[in-house]
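The structure appears right after this line, and notes come after that.
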Amino acid sequence: MADEIVTKKETPAKTVEPEFAKEQFQGSEQFTQIEKDTLNVLLEDGQNYTISEARRVLTEWLKKEVK
């Protein structure tokens, strides 16, 4: 028993998505021009967003009911 090495179970490191200012999305190839224009209106100045957050904002806006 003394010869056994106890190893700690490694947990995968949580990956952190990079964040971008709303202006940086304008140069992105991951969004269409219409999506970029929409993000320019929907995202707040001075805030940073991950790509996932930007896509979520777009999706929520597209799902809104027209009044």
Side-chain angles (χ1 to χ4, degrees):
M1 286 249 172
D3 293 333
E4 290 182 31
I5 299 174
V6 179
T7 58
K8 193 186 240 186
K9 184 177 181 182
E10 292 186 30
T11 55
K14 188 175 183 180
T15 58
V16 178
E17 278 190 81
E19 294 184 342
F20 304 94
K22 101 178 194 179
E23 295 81 18
Q24 291 177 289
F25 287 104
Q26 296 305 309
S28 173
E29 294 181 7
Q30 296 193 28
F31 296 96
T32 65
Q33 188 58 50
I34 292 172
E35 290 172 328
K36 291 176 191 180
D37 292 344
T38 305
L39 285 172
N40 194 40
V41 173
L42 296 175
L43 300 182
E44 295 182 35
D45 291 332
Q47 288 281 96
N48 290 334
Y49 300 88
T50 63
I51 293 174
S52 301
E53 290 170 329
R55 289 208 183 281
R56 182 184 48 77
V57 168
L58 277 173
T59 302
E60 288 176 2
W61 182 76
L62 288 169
K63 288 182 180 180
K64 278 189 171 182
E65 186 175 326
V66 178
K67 294 181 182 182

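For clarity, every value in this text was computed on a predicted model and none was experimentally measured.
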Quick check with a 6.0 Å cut-off and a 45 degree axis cone: is Arg55 positioned over the face of Tyr49's six-membered ring?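 Judged by the rule (NZ or CZ under 6.0 Å from the ring centre, within 45° of its axis), Arg55 is not positioned above Tyr49.
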For a 4.5 angstrom cut-off between non-hydrogen side-chain atoms, does Thr38 reach Ile34? yes
Sequence neighbours left out, what passes salt bridge (Lys or Arg N to Asp or Glu O under 4.0 Å) with Glu60? Give chain and number order. Arg56
Atom pair [atom1] ([X]) and [atom2] ([Y]), whose distance is rounded to the nearest 0.5 Å:
X	Y	atom1	atom2	value
Asn48	Leu43	CG	CG	10.5 Å
Leu39	Leu58	CG	CG	4.0 Å
Lys36	Glu29	NZ	CD	7.5 Å
Phe25	Asn40	CZ	CG	11.5 Å

Ignoring hydrogens and geometry, is there a side-chain-to-backbone donor-acceptor pair from Lys22 to Glu44 under 3.5 Å?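 Side chain of Lys22 to backbone of Glu44: no pair is present.
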Heavy-atom nearest pair, Ile51 first then Glu17, reads N-OE1, 4.0 Å
